[in-house]
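Report on the following structure.
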Number of protein chains: 2
Amino acid sequence: MRPNEDLVSAAARELSEETGLDSPASHLEQFGTYGSPDRDPRMRVVTVGYWAIVPDLPTPKAGTDAAAARLVPVAEALSSPDRLAFDHHEILTDALARARRALETTTVATRFCPTEFTIADLRGVYMAVWGRSLDPGNFQNKVTDITGFVVPTGERREGSRGRPPELYRAGHAKTIEPPLRRPPA
Amino acid sequence: MRPNEDLVSAAARELSEETGLDSPASHLEQFGTYGSPDRDPRMRVVTVGYWAIVPDLPTPKAGTDAAAARLVPVAEALSSPDRLAFDHHEILTDALARARRALETTTVATRFCPTEFTIADLRGVYMAVWGRSLDPGNFQNKVTDITGFVVPTGERREGSRGRPPELYRAGHAKTIEPPLRRPPA
DNA sequence: TCAAAAGTGTTCAAATTACACCCATGG
DNA sequence: CCATGGGTGTAATTTGAACACTTTTGA
């Protein structure tokens with residue numbers, strides 16, 4: 001952190017410095033703070049963790065602070081407890097759990113989508129973050145029943161394989177009550 | 001924080017120093033970190049917030065760091081946005097939300113109870129934290145149906161008004177799946 | 001014309017709520 | 001013996017998963 005910076009700004013700056021992703025990270029959400037005295041053997045560091053939504057990801061470039069940067073699927077990054085440095089396995093696990101829960105209780109998933117999107121786009125976000133497949137019909141019913149989650153534009157997206165899907169925009173609702181629970185199995 | 005202290009230890013120490021409550025806070029859980037540059041006009045401070053479970057509360061005493069200490073019901077503390085100093089209204093609001101959610105998804109509520117407790121004791125914790133009344137019969141059914149939440153001792157607590165209630169101990173389960181949702185209205 | 005994706009609706013099972021009702025004790 | 005809180009059970013309703021089925025396009 002810099003002397004006159006708040007936590008989110010610092011997080012956004014660091015993201016940019018290390019990866020070159022200064023595309024507008026439209027959502028940065030704190031999930032935890034890590035401060036064991038020996039978590040980084042080089043020096044005493046307290047880390048405040050944020051997870052971000054960056055729609056339409058560009059290829060990351062190593063920024064001023066990093067030797068290299070690339071995108072790694074989260075399942076791969078967590079595949080072994082030793083794959084990441086220091087306590088980063090624990091941190092990433094916490095971040096993922098928080099993001100997964102956020103999709104249940106808030107409408108942030110729309111931030112991963114373009115301004116106009118289809119229900120299938122949104123379903124893709126849920127499936128990616130939750131790491132499971134979801135029934136298209138039930139997902140459609142649930143999402144369109146939640147007031148203020150998505151609002152139809154009246155337009156359709158042409159050009160793809162099957163029946164052209166209707167386009168939606170994000171609604172004004174920020175939370176989902178009751179939560180959109182992820183189905184078992 | 002002291003040079004060789006992790007975050008939870010520092011939180012436990014601060015709790016003790018400011019209130020004299022060094023009874024074993026059997027649960028300390030982080031909920032957020034606050035770091036706006038001007039949140040405390042006296043100096044730059046980053047605060048990591050923890051909420052604690054302290055069963056059978058003693059009267060707090062102002063410790064080495066505080067002029068005075070007393071217990072205040074959370075509804076009263078949050079009754080006005082200006083009742084607490086700095087950003088403490090926001091912090092306490094976050095803490096309460098987190099504690100409320102914790103009761104839905106984990107078994108921490110048993111930590112508020114003595115080693116042996118009745119379902120009514122447990123229901124009292126839920127009603128206090130959630131700030132609403134709960135149907136005794138339904139609560140009983142739900143809780144006893146969740147495997148590993150409470151285990152009967154076979155004993156009863158005598159001496160009270162009506163039928164002597166059965167006593168339970170906390171089970172081994174740490175999380176509740178699916179969550180024990182708080183009923184609407 | 002066929003396969004694929006979108007979207008709607010139906011069925012059956014599971015969960016939830018409200019509440020009736022019996023139990024066991026102290027006053 | 002009756003009011004009180006504990007505990008069990010049930011009926012009615014709601015929710016949810018699975019999946020059949022229609023729609024509308026590109027190949």
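Throughout, a chain's letter reflects where its sequence line sits, starting with A, and its residues are numbered from 1.
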**Interatomic distance where CZ belongs to B/Arg181 and C1' belongs to D/dG16 [whole Å]** =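 Going from B/Arg181 (CZ) to D/dG16 (C1'), I get 14 Å.
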**Request:** Supply the atom-to-atom distance A/Trp130 CH2 to A/Leu96 CG, rounded to the nearest 0.5 angstrom.
**Result:**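 Output value for this atom pair is 12.5 Å.
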**Asked** Say you draw a straight line from CZ of A/Phe139 to CE of A/Met127; how long is it, rounded to the nearest 0.5 Å?
**Response**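 Rounded to the nearest 0.5 Å, the CZ-CE separation comes to 8.5 Å.
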**Prompt:** Going through the distances and angles, do A/Arg39 and A/Thr47 end up as a side chain to side chain donor-acceptor pair (under 3.5 Å)?
**Reply:** CA-CA 10 Å; A/Arg39 53 182 293 272; A/Thr47 291; 2.9 Å; yes
**Request:** Answer with base, sugar-phosphate or nothing: what part of the nucleic acid does A/Pro178 contact at a heavy-atom distance below 4.0 Å?
**Result:**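 It contacts nothing in the nucleic acid.
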**Strand contacts (DNA chain D) in residues 128-157 of chain B, 4.0 angstrom heavy-atom criterion** =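 DNA chain D contact set from residues 128-157 of chain B: B/Gly137, B/Gln140, B/Asn141.
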May I ask you to decide if [Y]'s main-chain N or O and [X]'s side chain share a donor-acceptor pair within less than 3.5 Å?
| X | Y | result |
| --- | --- | --- |
| B/Gln30 | A/Gly32 | no |
| B/Asp135 | B/Asn138 | yes |
| B/Thr106 | B/Leu103 | no |
| A/Arg132 | A/Pro184 | yes |

**Asked** Taking the nucleotide of DNA chain D with the closest heavy atom to each, which residue, A/Ser160 or A/Pro183, is nearer the 5' end?
**Response**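 Looking at the nearest nucleotide for each, A/Pro183 comes out on the 5' side.
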**Message:** In terms of relative ring orientation, are B/Phe149 and B/Tyr126 parallel, tilted or perpendicular, with 30° and 60° separating the classes?
**Reply:**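 Plane angle over 60°, so perpendicular.
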**Item:** Contact summary for B/Pro3 and A/Pro37, nearest pair of heavy atoms
**Value:**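 B/Pro3 and A/Pro37 have their closest heavy atoms at O-CB, 4.4 Å.
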**Request:** Anything under 4.0 Å to a heavy atom of chain A counts; send over the first and last such nucleotide of DNA chain C, read 5' to 3'.
**Result:**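 So the contact region on DNA chain C extends C/dA3 to C/dG9.
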**Message:** Nearest heavy atom decides the nucleotide; on that basis, is B/Gly159 or A/Arg161 closer to the 5' end of DNA chain C?
**Reply:**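 Upstream on the strand: A/Arg161.
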**Item:** Contact residues, residues 116-125 of chain A to DNA chain C [heavy atom, < 4.0 Å]
**Value:**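 Correct list: A/Ala120, A/Arg123.
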**Item:** Donor-acceptor pair under 3.5 Å, B/Arg163 side chain vs D/dG7 base
**Value:**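 Not at all, since no donor on one side and acceptor on the other fall under 3.5 Å apart.
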**Prompt:** Does the side chain of B/Arg83 reach to within under 4.5 Å of the side chain of B/Glu76, using non-hydrogen atoms?
**Reply:**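 Result yes, sub-4.5 Å side-chain heavy-atom pair found.
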**Message:** Around atom CG of A/Asn4, are there more than 12 heavy atoms from other residues, nucleotides or ligands closer than 6.0 Å?
**Reply:**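 No, the 6.0 Å shell around CG holds no more than 12 heavy atoms from other groups.
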